[in-house]
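Note: hydrogens, waters and symmetry copies are ignored here, and every other heavy atom, side chains too, is used.
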Amino acid sequence: MSSARAWWGARPLASQILVWTLVLIVVTVALGGLVTDRITGQVLDEQFRLRALGVAESVAQMPEVAAGVASGDANHEIQAVAEQVRTRAQTDYVVVTDRDGIRFSHPTPSLIGKRLEEPVAVLDGQTQVGTDQGSLGDSANAKAPILDASGNVVGQVSVGILETTVSMELERDAGIVGGSSVLILLIGGAGSFLLARAIKRATFGLEPAEIASLLQEREALLHGIREGMVGIDDAGRVTVINGEARRLLHLENSPLDRPVEELIPAGRLRDVLTGGAPGADQTIITDDSLLVANRMPVSVGGRSVGAVVTLRDRTEVEALVRDLRALEGLMAALRAQEHEYANRLHTVGALLHLGDIEQARTFISGIADTSRSLGEGLRARIEPPELAALIYAKTTVAAEQDVSVAVSDESRLREPGLGTQDLLTIVGNLLDNAVDAVSSLPGQREVTLTLDDSSGVFVSVTDNGPGVPAESVHDVVRDGYTTKTERPGGAGGHALRRGIGLALVARIVRRAGGTMDVFAGPGGRFEVWIPKSGAEG
């Protein structure tokens with residue numbers, strides 16, 4: 001028994017479904033056939049009884065039959081009438097008797113004139129139907145009284161249809177039912193075969209054990225990796241998501257099997273998930289993370305089944321990359337100063353060689369005063385030393401590109417009320433964008449920075465470049481918007497994507513409860529204001 005069960009369990013799922021479906025169809029059709037045969041037999045019996053009753057009543061109402069019974073049928077007319085009716089009505093017998101049971105007609109002529117074996121049943125004037133065990137065999141029988149002119153019962157008409165005739169009719173109907181059952185079996189078998197093939201195609205030919213194993217492996221894979229993973233079907237509905245993806249996308253309590261549009265607000269993140277922003281290693285900025293997303297279409301057996309999106313949290317890595325870029329900027333500033341001071345030292349050396357000591361002393365004093373005045377001016381007006389150093393470095397690096405970066409005379413920032421890193425991100429990105437915007441222009445290139453802390457933190461960066469087109473004012477701070485080419489390099493071997501800087505600034509400002517205004521050109525102008533009450537630590 002166990003070996004048979006093991007053999008059956010080893011059969012393919014499609015074969016098991018086909019066999020079980022055929023067994024169910026056969027059993028159902030067989031039971032249906034038995035019930036139909038029983039019901040049809042009962043219906044045919046009832047129909048033949050009613051048919052016999054109709055014939056019996058018709059014969060009993062014939063005047064010649066009533067007159068013949070009353071006169072004793074001296075001319076033997078009743079037999080002829082009864083046989084004529086029996087032939088036309090297709091019954092097996094029409095027997096006419098008087099009230100004493102003497103036969104005046106019968107299919108067997110030798111029984112005419114003889115008495116019935118049973119008493120006359122309609123002397124009460126009522127018709128009767130039932131099964132009669134007569135001289136010809138069992139039959140569906142009906143009896144009707146023959147009345148004279150006064151309404152008295154003078155005789156009886158008994159009409160019957162033999163059970164053999166009923167059986168023949170039932171066999172004919174059974175043949176129709178049997179043929180229909182065979183047709184149903186064929187249709188059911190074909191349907192079962194197609195259903196088994198459809199299930200096999202839907203399961204990609206996998207058996208239940210393989211499906212269970214895949215489910216276990218999928219669960220282990222989904223929840224055993226540190227990357228976020230989202231499965232999306234061809235209809236754009238989220239079908240699979242692991243815990244890390246729920247955390248990164250803030251979908252901890254959101255149900256599955258819903259379209260991406262209902263789960264993710266409009267923006268770059270939704271575009272990447274739905275495939276509207278194709279490409280590998282797509283960088284996405286959310287309210288609290290910087291993600292790198294990859295969307296890969298998935299097909300099984302040559303059929304597309306959707307896509308899988310992986311999400312990597314690169315917030316810390318990107319912060320390190322930007323710190324590295326800041327250090328690179330400082331190094332570039334130091335290199336620029338090195339070249340400048342080397343030239344100045346050569347100049348001093350030449351003056352001393354020529355013996356012009358007084359001129360050398362004056363030259364050195366001027367250099368010291370200029371450098372000291374720039375650094376001291378920044379430190380006197382800008383409290384955070386990191387910010388003052390950043391501005392100084394940006395000024396020096398910009399000078400290498402022949403761009404003048406100036407801090408307005410009215411700038412003051414003593415109590416920023418904002419995290420130093422956030423402040424460096426805002427000022428650094430705005431200055432970088434402004435310097436990039438004017439670095440390739442002919443003529444004078446100027447960038448002006450204004451800082452104010454009188455009512456929160458106010459940062460303004462202006463330049464004399466072309467500025468932002470009026471139609472792009474609202475798009476310029478959107479994640480991914482840029483008019484520049486990708487810059488190579490970056491940690492992890494992927495390019496540093498353009499279009500992040502202003503998006504980062506906008507995210508910091510939004511989280512701090514401030515505002516960021518972008519003005520249309522000509523001339524670039526960006527203004528950021530963050531209230532003291534909304535400052536981050």
Side-chain angles (χ1 to χ4, degrees), residues 248-250 264-272 276-277 282-293 313-319 321-323 325-326 387 390 394 413 416-437 447 449-452 455-463 465 467-484 486-487 496-521 523-537:
L248 295 174
L249 302 179
H250 302 290
I264 307 298
R268 180 174 175 79
L269 177 58
R270 182 199 285 183
D271 294 340
V272 172
Q282 294 290 311
T283 308
I284 304 168
I285 295 178
T286 64
D287 286 341
D288 52 7
S289 301
L290 189 144
L291 308 177
V292 176
D313 189 355
R314 302 299 292 268
T315 306
E316 295 182 359
V317 174
E318 192 68 24
V321 171
R322 294 193 171 276
D323 289 343
R325 290 186 58 206
L387 181 59
L390 175 69
K394 296 291 184 184
L413 190 63
L418 186 68
T420 301
Q421 186 59 47
D422 289 342
L423 190 59
L424 293 177
T425 299
I426 293 174
V427 175
N429 278 293
L430 293 180
L431 286 177
D432 285 344
N433 283 344
V435 172
D436 285 346
V447 176
L449 170 65
T450 301
L451 301 170
D452 184 21
S455 60
V457 177
F458 175 77
V459 180
S460 173
V461 176
T462 59
D463 62 67
V468 179
E471 64 274 11
S472 302
V473 166
H474 299 291
D475 294 331
V476 72
V477 297
R478 178 172 54 83
D479 178 24
Y481 178 87
T482 183
T483 58
K484 307 168 186 176
E486 299 287 331
R487 67 165 68 90
L496 295 176
R497 182 174 65 82
R498 294 284 191 174
I500 294 180
L502 290 178
L504 286 172
V505 173
R507 186 185 74 175
I508 294 172
V509 172
R510 183 171 60 254
R511 293 174 61 184
T515 59
M516 180 175 180
D517 296 319
V518 181
F519 298 88
R525 183 181 174 189
F526 292 81
E527 293 183 356
V528 170
W529 176 78
I530 298 176
K532 292 181 179 180
S533 58
E536 294 181 341

Are side-chain heavy atoms of Trp529 and Met516 found at a separation under 4.5 Å? no
Note, Leu502 side chain near Phe526 side chain (heavy atom, < 4.5 Å): yes
Salt bridge check: are Asp463 and Arg525 linked by an N-O gap of less than 4.0 Å? no
Should Lys394 and Asp432 count as side-chain neighbours, where that means a heavy-atom distance under 4.5 Å? yes
Heavy-atom closest pair (Gly514 atom, Pro531 atom, distance to 0.1 Å) is CA-CD, 3.7 Å
Just verifying a value: how many Å separate Phe458 CZ and Leu451 CG, rounded to the nearest 0.5 Å? 9.0 Å
Partner set under side-chain hydrogen bond (donor to acceptor under 3.5 Å, both in side chains) for Asp452, not counting sequence neighbours: Ser454
Nearest 0.5 angstrom please: Ile530 CD1 to Ile508 CD1, how far? 7.5 Å
With sequence neighbours excluded, tell me which residues meet side-chain hydrogen bond (donor to acceptor under 3.5 Å, both in side chains) with Ser460. none
Audit row: Leu424, Leu387, side-chain contact (heavy atoms from CB on, under 4.5 Å) steps and yes/no: CA-CA 6 Å; Leu424 293 177; Leu387 181 59; 4.1 Å; yes
Atom CG of Leu449 and atom CG of Leu430: how far apart are they, to the nearest 0.5 Å? 8.5 Å
From OG1 (Thr462) to CZ (Phe519), nearest 0.5 Å: 11.0 Å
